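These figures come from a predicted structure and were not determined experimentally. Note that these values count all heavy atoms, side chains included, but never hydrogens, waters or copies made by symmetry.
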Amino acid sequence: MPVPPEQGMKKELKRQQYLDLYYHMRLNRAVEDMMVKLFRQNKIVGGLYSSLGQEAISVGTAYALEKKDWLAPMIRNIGALLVKGVRPRDIFMQHMAKYDSPTKGKDGTSHFGDLDDLHIVSPISMLGDLIPVMTGVAMAGRYLGQKIVTMTWIGDGGSSTGVFHEGLNFAATQKAPFVLILENNLWAYSTPVRKQVPLENLADRAKAYGIDSYIVDGNDAVAVYSVAKEAVDRARAGEGPILIEAKSFRRMGHAQHDPAEYVPKEMRAYWEARDPIALYERFLSSEKLLDAKSKKEVEDKIDSLLAVEREFAENSPMPPPELAETGVYCTGDGCHKIRAKWERPIAEVTPPRSSVKAVWTVPGFGSGKASDGANAPIHFGDTHAPQHRVGNDTKSANGGKPAAKMAAKAAPKKTVKTAGASRKARR
Amino acid sequence: MPVPPEQGMKKELKRQQYLDLYYHMRLNRAVEDMMVKLFRQNKIVGGLYSSLGQEAISVGTAYALEKKDWLAPMIRNIGALLVKGVRPRDIFMQHMAKYDSPTKGKDGTSHFGDLDDLHIVSPISMLGDLIPVMTGVAMAGRYLGQKIVTMTWIGDGGSSTGVFHEGLNFAATQKAPFVLILENNLWAYSTPVRKQVPLENLADRAKAYGIDSYIVDGNDAVAVYSVAKEAVDRARAGEGPILIEAKSFRRMGHAQHDPAEYVPKEMRAYWEARDPIALYERFLSSEKLLDAKSKKEVEDKIDSLLAVEREFAENSPMPPPELAETGVYCTGDGCHKIRAKWERPIAEVTPPRSSVKAVWTVPGFGSGKASDGANAPIHFGDTHAPQHRVGNDTKSANGGKPAAKMAAKAAPKKTVKTAGASRKARR
Amino acid sequence: MPKANGAGPNGSASDGTQVTFLEAIKQAMFEEMERDPAVILMGEDVGVYGGAFKTSEGLLERFGWERVIDTPISESAIIGAACGMSYCGLRPICEMQFIDFIVCAFNQITNFVAKGHYLWNAPAPMVIRGPSGGGVHGGPFHSANPEMYFVHTPGLKVIYPSTPYDAKGLLKAAVRDNNPVLFFEHKFLYRRIKGEVPAGDYTVPIGKAVVRREGKHLTIISYAAMMHTSLEAADALAKEGIEAEVIDLRTLLPLDEETILNSVKKTNKCLVVHEDTRTGGIAGEIAAILFEKAFHDLDGPLVRVASLDTPVPYAPTLEEHFLPNAKKVFSAAKELARY
Amino acid sequence: MPKANGAGPNGSASDGTQVTFLEAIKQAMFEEMERDPAVILMGEDVGVYGGAFKTSEGLLERFGWERVIDTPISESAIIGAACGMSYCGLRPICEMQFIDFIVCAFNQITNFVAKGHYLWNAPAPMVIRGPSGGGVHGGPFHSANPEMYFVHTPGLKVIYPSTPYDAKGLLKAAVRDNNPVLFFEHKFLYRRIKGEVPAGDYTVPIGKAVVRREGKHLTIISYAAMMHTSLEAADALAKEGIEAEVIDLRTLLPLDEETILNSVKKTNKCLVVHEDTRTGGIAGEIAAILFEKAFHDLDGPLVRVASLDTPVPYAPTLEEHFLPNAKKVFSAAKELARY
Ligand SMILES: Cc1ncc(C[n+]2csc(CCOP(=O)(O)OP(=O)(O)O)c2C)c(N)n1
Ligand SMILES: Cc1ncc(C[n+]2csc(CCOP(=O)(O)OP(=O)(O)O)c2C)c(N)n1
Ligand SMILES: [Mg+2]
Ligand SMILES: [Mg+2]
């Protein structure tokens with residue numbers, strides 16, 4: 001796999017980018033704070049999830065995407081939706097199951113999408129399902145010549161689902177332009193990560209697919225953004241899917257109902273002291289990017305925005321009962337016109353130009369069917385041939401011991417090339 | 001994870017063990033050869049799969065198990081069944097759907113088991129499903145104090161199923177005494193391994209679960225056995241599940257109907273020259289463990305055994321039609337007496353002795369609920385704390401670059417400890 | 001939706017204490033685990049947390065980490081491992097955090113677990129249970145009634161109780177059964193209904209329906225939360241002089257045809273109420289059975305009251321419209337009675 | 001089992017050529033891919049090998065690696081990725097190597113694919129197809145008839161054709177439909193029946209049943225391989241003076257109630273034949289519909305002929321006993337006709 005493009009890590013953030021990250025983190029938190037209020041006022045339907053303390057991940061990763069790119073949020077990615085352009089009112093109304101919400105009250109929380117404009121795929125509750133779906137979007141985008149990247153998120157807990165494996169493996173075989181953010185917040189509901197995943201670093205999941213991965217401090221907005229930008233650039237450049245483990249902590253319970261007594265209080269205290277917004281504010285002011293006045297401006301802007309958005313949301317009616325009966329099926333062109341947005345010449349994929357020989361070529365071997373141009377028949381691609389001599393008893397040279405080697409030995413350099421290392425090289 | 005027990009690799013094979021391996025490989029092949037004949041005579045019901053060229057894997061791995069251990073075969077593991085004590089007649093009758101077969105004709109091929117005596121779990125066609133099932137058997141065996149190990153096999157293709165991931169991950173979190181053999185025969189039906197799995201070594205799948213893995217030459221019976229024995233010993237000793245990638249080649253088509261024209265002929269030729277039985281015979285004779293006479297004896301023994309077995313199988317009737325109606329449900333004690341075979345004092349798992357505090361302890365942190373004895377609050381177990389300083393622009397020291405590192409860097413030593421290395425040390 | 005009221009065994013009062021539906025389930029698990037060390041519990045967050053609905057609260061403390069197992073988020077692994085355990089003589093209980101996630105293990109359940117006894121004589125004594133059903137604004141992924149997928153799968157047994165008494169007795173029976181049993185717990189009932197549960201050990205037989213209310217004008221067949229809806233409707237009908245006989249199926253597979261037929265032969269009319277979506281719901285199966293075995297006894301058509309053929313919508317206004325309720329049952333029953 | 005005979009559109013002969021059922025499917029895919037570059041094919045071994053049954057032979061050569069995609073053994077990934085593609089305006093066709101493996105993607109299909117349009121207005125124009133059904137000694141894991149799982153899932157369409165003409169026309173319609181469509185191909189028919197297929201482009205409307213044979217004494221409703229079994233039985237019945245009207249459902253969801261009701265109102269008797277297992281099969285749904293909409297028209301009970309409520313056994317003797325056949329249909333029909 002090629003070396004990561006240097007510019008990914010070298011890229012300085014522009015002043016506006018720093019401020020954008022700040023604004024969206026603040027907005028993310030403010031939107032969720034307001035929803036906690038609404039929840040306490042019994043205006044939220046169903047459960048309410050929180051991304052408190054994880055805002056840098058949602059915001060920093062989504063900010064690395066372009067407008068044409070696609071994302072699919074999970075429950076703790078309100079920040080990503082805001083960055084992508086979703087209005088707070090839509091988020092409020094989704095949670096309040098209002099008629100003017102994107103799903104008209106048919107679904108709630110972050111379960112909504114926008115195929116045409118914002119390029120957002122709605123999640124479902126079943127963890128992991130978005131991974132093959134966003135792989136498919138990435139493949140379709142490539143096929144249509146759109147040069148897009150797709151992104152979704154998964155939790156430490158969700159990384160144990162079968163569909164995580166099937167999806168990421170498929171993405172890897174297809175080299176799909178797909179970036180997966182693994183939000184390791186140390187807990188899946190009440191279960192600590194070590195009870196679900198026997199790994200120190202969940203980024204190691206990537207090794208099962210031969211794809212590159214990064215580990216990033218999920219409470220460091222700039223770090224998250226920079227890594228995500230590099231990953232998005234690399235995915236767009238055709239390097240295949242990339243996994244980013246963002247390490248952080250779920251500061252609230254699984255949802256509002258859960259006091260999370262199972263979390264050691266020292267652990268919570270540790271992370272509360274590392275609040276991503278507080279850390280970022282300290283950084284911004286030390287860099288003279290933020291002062292009390294500009295901070296106040298951001299706060300005022302958000303306050304007045306959310307006041308309007310909340311009012312709109314609260315004024316929206318509940319959906320009329322009969323709406324429940326409608327919309328199970330697309331009724332045809334009057335309902336949706338399905339059309340692919342081609343950004344490459346259709347002729348490239350239309351016969352007879354696309355004709356190929358239906359033949360496998362396996363590195364090191366001739367091809368099947370009309371096989372002819374074979375190379376030297378080696379064992380297995382570029383792996384060393386296994387030893388031909390079988391073992392015998394200890395008195396002889398080979399010792400009856402297996403011609404075995406550990407996996408880690410056999411393919412050492414493949415995924416090793418670190419952002420840390422390239423940073424060092426550049427210093 | 002502890003260093004592998006030296007004795008696993010040091011163990012010399014006894015003369016009888018060498019000959020047992022030989023006998024069973026020959027028997028494996030002879031049984032399958034006979035089934036090809038039966039297939040051509042239209043006596044086989046449904047498809048017929050072949051393990052030609054992979055016998056060393058089935059035989060070598062299963063031979064590492066004890067009688068009390070459990071296995072579950074896949075379609076190409078007739079050899080494992082024979083080693084475990086299944087009679088050839090049962091295999092013939094299964095394939096002929098005869099009434100006297102273990103499943104009485106209700107299922108075919110290697111789809112049968114024996115819970116009470118041989119400890120074999122029947123596979124189903126859906127690839128990967130056996131992995132959690134054998135994890136469960138391993139957990140049950142441990143719970144009951146039986147000190148058993150369980151084993152099953154999976155193909156290169158099957159390693160992409162979701163249930164492979166869920167099963168192996170669960171086994172790893174549970175440190176279940178389970179050994180999984182990944183038979184990489186380079187093809188899944190018509191699809192070469194590189195189109196299904198973007199890895200050079202499929203043993204790397206293990207890295208996603210923090211478990212140890214081996215790579216072994218699947219055409220080298222002694223190597224396979226030795227590695228399997230070490231893995232079984234380690235699993236039994238409580239080191240958790242282990243994955244073994246055995247590299248080989250599927251010499252026939254996917255099943256009898258498939259001429260496998262998609263396989264480059266040079267590739268087939270290469271592997272045909274490395275027939276595991278031929279290689280092993282060469283080794284045995286060079287070690288003076290086999291001469292023409294003793295070889296002839298083995299052949300005669302197998303010939304006369306299979307003649308009897310085949311006759312029995314052919315004489316068995318087809319099942320009576322009405323049998324189809326029976327047996328969907330266990331009708332109670334008259335049908336099956338379900339009882340756990342305890343080999344530890346039941347009192348150990350019976351209240352009030354087993355009472356525990358329902359409290360998580362997370363390394364580095366105090367425990368939840370009644371949390372008190374907390375250690376220093378570090379980030380995340382034994383990982384380094386992520387850098388507290390966030391980046392800034394390039395003019396300053398930290399360069400606005402992410403505090404990111406690659407996965408491969410972060411946990412380097414965990415699964416690295418090779419059979420090859422320990423062998424070297426012992427030379 | 002249901003009224004908060006649970007009948008005792010066969011509708012009669014028992015001399016036990018009043019417990020919630022949820023408490024009854026917890027008691028069943030506790031007592032079975034006490035009785036038999038082969039019984040273990042597995043699922044997501046069932047241990048330290050005591051389950052998303054606290055159904056297993058206290059079990060970890062009592063039985064320890066080996067018998068109360070917090071799993072990764074891997075439904076196929078949970079079911080598969082339980083199946084393997086059952087082959088060794090254990091009797092695992094698997095919790096699906098919400099029953100909606102059971103479809104993530106659909107292959108394991110329908111192919112591995114369900115077929116083993118028939119094919120290779122391998123009994124799999126295991127229970128798969130979890131909170132199901134709607135009415136609590138859980139939305140499209142937390143309100144499932146997946147019973148028909150499994151009623152259509154030979155080799156499984158399917159239970160869907162409506163009272164604390166039955167929940168406890170049937171769950172105990174399920175644990176002791178030699179077959180894989182799916183046990184659905186309607187989450188609307190968890191804390192809303194209470195009922196009497198006797199002090200000692202008892203089981204309720206799998207495969208037996210019960211007449212919850214006697215009547216002569218028509219038979220209303222239902223189960224789970226809709227049982228209570230049906231009883232509420234029956235009360236209202238009685239005020240108009242229509243005496244509905246109300247049958248609680250309790251077990252959906254195998255169906256208790258005898259109880260159904262006896263009642264329909266008496267009342268000559270049959271209404272089926274289920275919260276599951278209409279098309280392909282169990283009313284169809286009952287319709288076919290009535291054609292086969294009670295065609296002459298029917299003085300009117302079998303009538304269905306069921307949920308809409310849509311996903312479960314989120315907004316309360318929509319979900320209410322989606323679900324059957326006592327008014328809908330009342331109207332349909334009244335019309336049928338007058339048929 | 002079926003006789004080797006396939007009727008043209010609406011039972012009439014067409015002026016096309018005679019092709020096998022399998023060839024008809026291949027033609028449909030070929031022509032749709034030619035017509036619309038948004039149509040792609042994904043599945044295990046569909047490319048170089050041309051599919052386990054050679055249904056996609058030649059497609060890779062014609063359309064190239066980007067449009068004919070050999071996938072890993074990952075049914076959930078296939079369905080999930082196809083769904084994502086469909087959001088971008090593509091119209092993927094997914095092959096399940098055997099339809100039995102569809103349960104490995106059950107969650108993706110029933111939760112993601114089926115619910116998207118209702119919940120968030122996202123159409124998923126995709127087709128999931130594969131070889132299904134028994135009678136070829138495929139055993140318990142290669143003979144599935146999983147239709148009812150999906151008929152009970154709002155948001156999907158379910159097709160199960162019986163003739164080459166319909167297979168081609170319905171598959172083309174499925175590809176052009178804006179909804180997710182499950183398309184089951186009875187593998188017994190693949191090479192055993194031939195039928196006429198017109199030269200030009202045509203589609204067969206989804207949701208329309210067809211009367212394969214007119215009759216007046218009773219209606220036999222069936223589909224897929226059992227369609228041929230039913231026609232065979234109808235021939236035998238005719239020799240005894242019983243004229244059965246035979247309806248081929250073709251689409252199971254949405255069901256064509258009109259065609260069913262018109263026929264039953266004429267014949268006043270109804271027999272449903274399905275290869276799917278009995279309990280929870282589609283006969284039940286039809287029974288409920290007849291109660292609701294044709295109760296007065298029935299001169300006899302709805303009768304079911306279906307497979308046993310067991311897994312599909314392997315041995316030919318057992319499988320034959322398991323499956324319905326023309327003799328069983330004949331006897332049941334004769335008895336019903338005399339009712
Ligand atoms: C397949 C599946 N099983 C179970 C659940 C129930 N569930 C919802 S969230 C959750 C915990 C998720 O933990 P994680 O993936 O780490 O995400 P986090 O909540 O920490 O963001 C569980 C078990 C689910 N949504 N999907
Ligand atoms: C879940 C699932 N999907 C598809 C199949 C169909 N199938 C049977 S064997 C096979 C190829 C298996 O390849 P591999 O796992 O490498 O095993 P091998 O045949 O090489 O021994 C396929 C696709 C299956 N059995 N199970
Ligand atoms: Mg988490
Ligand atoms: Mg293989």
- Item | Most chain D-contacting option - heavy-atom pairs closer than 4.5 Å, from A/Asp107, A/Ile131, A/Asp114, A/Leu115 | A/Leu115
- Query: Are the side chain of D/His117 and the backbone of A/Gly327 linked by a donor-acceptor contact shorter than 3.5 Å?
  - Reply: yes
- Message: Less than 4.5 Å to any heavy atom of chain A: does that hold for the side chain of D/Ala82, its backbone, both, or neither?
- Response: neither
- Task: Among A/Met126, A/His119, A/Lys337, A/Arg339, single out the residue with the greatest number of heavy-atom pairs under 4.5 Å to chain D.
- Result: A/Met126
- Task: Drop me the distance from A/Met139's CE to D/Ile40's CD1, to the nearest 0.5 angstrom.
- Result: 6.5 Å
- Kindly indicate, with the supporting measurements, whether the criterion salt bridge (Lys or Arg N to Asp or Glu O under 4.0 Å) is fulfilled by D/Glu66 and A/Arg344. CA-CA 13 Å; D/Glu66 281 186 287; A/Arg344 75 193 267 201; 2.8 Å; yes
- Message: Please check: side-chain N/O of A/Tyr329 versus main-chain N/O of D/Leu156, any donor-acceptor pairing under 3.5 Å?
- Response: yes
- Query: Is a donor on one side and an acceptor on the other found under 3.5 Å between the side chain of A/Glu166 and the backbone of D/Ala77?
  - Reply: yes
- Looking only at heavy atoms, the pair that brings A/Gly136 and D/Met85 closest together is O-CG, 3.3 Å
- Query: Are any of the side-chain heavy atoms of A/Ile338 and D/Pro123 separated by less than 4.5 Å?
  - Reply: yes
- Segment of D/Pro37 engaging chain A (4.5 angstrom heavy-atom cut-off): both
- Per-residue contact mode, D/Ile69 against chain A (heavy atom under 4.5 angstrom): side chain
- Sort out for me which of A/Thr331, A/Val133, A/Asn169, A/Val163 touches chain D most, counting heavy-atom pairs under 4.5 Å. A/Val133
- For the candidates A/Trp342, A/Phe112, A/Trp70, which exhibits the highest count of non-hydrogen atom pairs separated by less than 4.5 Å from chain D? A/Trp342
- Query: A/Gln174 versus chain D, heavy atoms under 4.5 Å apart: side chain, backbone, both or neither?
  - Reply: side chain
- Give a yes or no on this: more than 12 heavy atoms of other residues, nucleotides or ligands lie within 6.0 Å of atom CD of D/Glu34. yes
- Query: With a 4.5 angstrom heavy-atom cut-off, which part of D/Arg91 approaches chain A: side chain, backbone, both or neither?
  - Reply: side chain
- Message: Looking only at heavy atoms and a cut-off of under 4.5 Å, which of A/Asp333, A/Val328, A/Thr103 has the most pairs with chain D?
- Response: A/Val328
- Query: Measuring heavy-atom distances to chain D, does A/Ala172 have an atom under 4.5 Å in its side chain, in its backbone, in both, or in neither?
  - Reply: neither
- Note on the structure: When the 4.5 angstrom heavy-atom criterion is applied to A/Ile120 and chain D, the contacting part is backbone
- Under 3.5 Å, is there a donor-acceptor pair between the side chain of D/Arg67 and the main chain of A/Val349? yes
- A/Thr173 versus chain D, the contacting section by heavy-atom distance below 4.5 Å: side chain
- Hey, does D/Tyr118 have a side-chain heavy atom less than 4.5 Å from the side chain of A/Thr326? no
- When rounded to the nearest 0.5 angstrom, what distance separates CG in D/Asn121 from SG in A/Cys335? 6.0 Å
- Task: Go through A/Asp129 and D/Asn111 one step at a time and tell me if the side chain to side chain donor-acceptor pair (under 3.5 Å) criterion holds.
- Result: CA-CA 9 Å; A/Asp129 276 12; D/Asn111 279 314; 5.9 Å; no
- Is a side-chain N or O of D/Asn178 found less than 3.5 angstrom from the main chain of A/His336, in a donor-acceptor match? yes
- If you count the non-hydrogen atoms of other residues, nucleotides and ligands that lie under 6.0 Å from NZ in D/Lys157, is the total more than 12? yes
- Rounded distance [0.5 Å steps], CZ in D/Phe112 versus CG in A/Leu130: 4.5 Å
- Straight-line distance of D/Tyr87 OH to A/Met134 CE, nearest 0.5 Å: 10.0 Å
- Item | Engaged part of D/Met42 at the chain A interface, taking heavy atoms whose separation is under 4.5 Å | side chain
- So do D/Ser74 and A/His165 actually touch side chain to side chain, heavy atoms under 4.5 Å? no
